[in-house]
Amino acid sequence: MVDEPHLSADDAVFLLNLLEAAGVRTWLEGGWGVDALIGVESRRHGDLDVFIECHTVPIARASLAAEGFAEVPGGRPENFVMKHGSREVDIHVFEFDEAGDGIYGMADGTEWVCPAAGLAGRGTILGRDVRCFTAELQLQCHSDYELDDDDLHDLALIRREFPGAEPLPLVVRQPQQGHFRPRR
């Protein structure tokens, strides 16, 4: 099927270059985040999971729209998907707090705290340096839900390549007073 989601390494690098040229810093999570950590494309990817800062959402939307991407209905301000043909970008929106932690608004109204240490990951896709979640934060992200075959593959890679890695502690809290809520 032509429109089955697929995002190649070339697509990933193109999209990261596009966003970062527009001033949107990105952190990879999920399958491409794991593959970036190990520096090898290990499987077919249906999308590119990126975390971006709240204040750059309009820039990211405009940059992707200029390349033919349209927002898929059903998202929310903190998490939405943009698609063009078979290419999908799953955008997660967070804001940094005073400690340098990324604060992500969850669908249930709570906030997930992405520890600054977990946002310090670096990797490569086709030789391009990228920011990504560390192995420890990836392990945290791959918990507390039913894992599919891709998730199990990614976890096995992390365990093999980072044998001492342990998941960072999960911190979910009630929203802090005066904290951001992304707007459409």
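Asp10 and Ser8 form no side-chain donor-acceptor contact under 3.5 Å, judged by distance and modelled atom types alone. His45 and Asp35 form a side-chain donor-acceptor contact under 3.5 Å, judged by distance and modelled atom types alone.
Within a 6.0 Å sphere centred on CG of Asp129, other residues, nucleotides and ligands contribute more than 12 heavy atoms.
Between Trp112 and Phe51, the ring planes lie perpendicular to each other; the angle is over 60°, past the 30° to 60° tilted range. Between His84 and Phe69, the ring planes lie tilted relative to each other; the angle falls in the 30° to 60° range.
No continuous path of hydrophobic side-chain contacts links Val81 to Trp32 [ILVMFWY only; heavy atoms under 4.5 Å]. Taking hydrophobic clusters as Ile, Leu, Val, Met, Phe, Trp and Tyr residues chained together by side-chain heavy-atom distances below 4.5 Å, Met82 does not share a cluster with Val72.
Here Tyr104 and Trp27 keep their ring centres 6.0 angstrom or further from each other.
Contact detail for Glu20 and Val24: the closest heavy-atom pair is CG-O, 3.2 Å. Leu147 approaches His142 most closely through the heavy-atom pair CD2-O, 3.5 Å.
Contact of the Asp101 side chain with the Phe94 side chain is not registered, since no non-hydrogen atoms from C-beta on lie closer than 4.5 Å.
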List the steps and the verdict of side-chain contact (heavy atoms from CB on, under 4.5 Å) for Leu37 and Glu161.
CA-CA 9 Å; Leu37 280 174; Glu161 297 296 322; over 6 Å; no
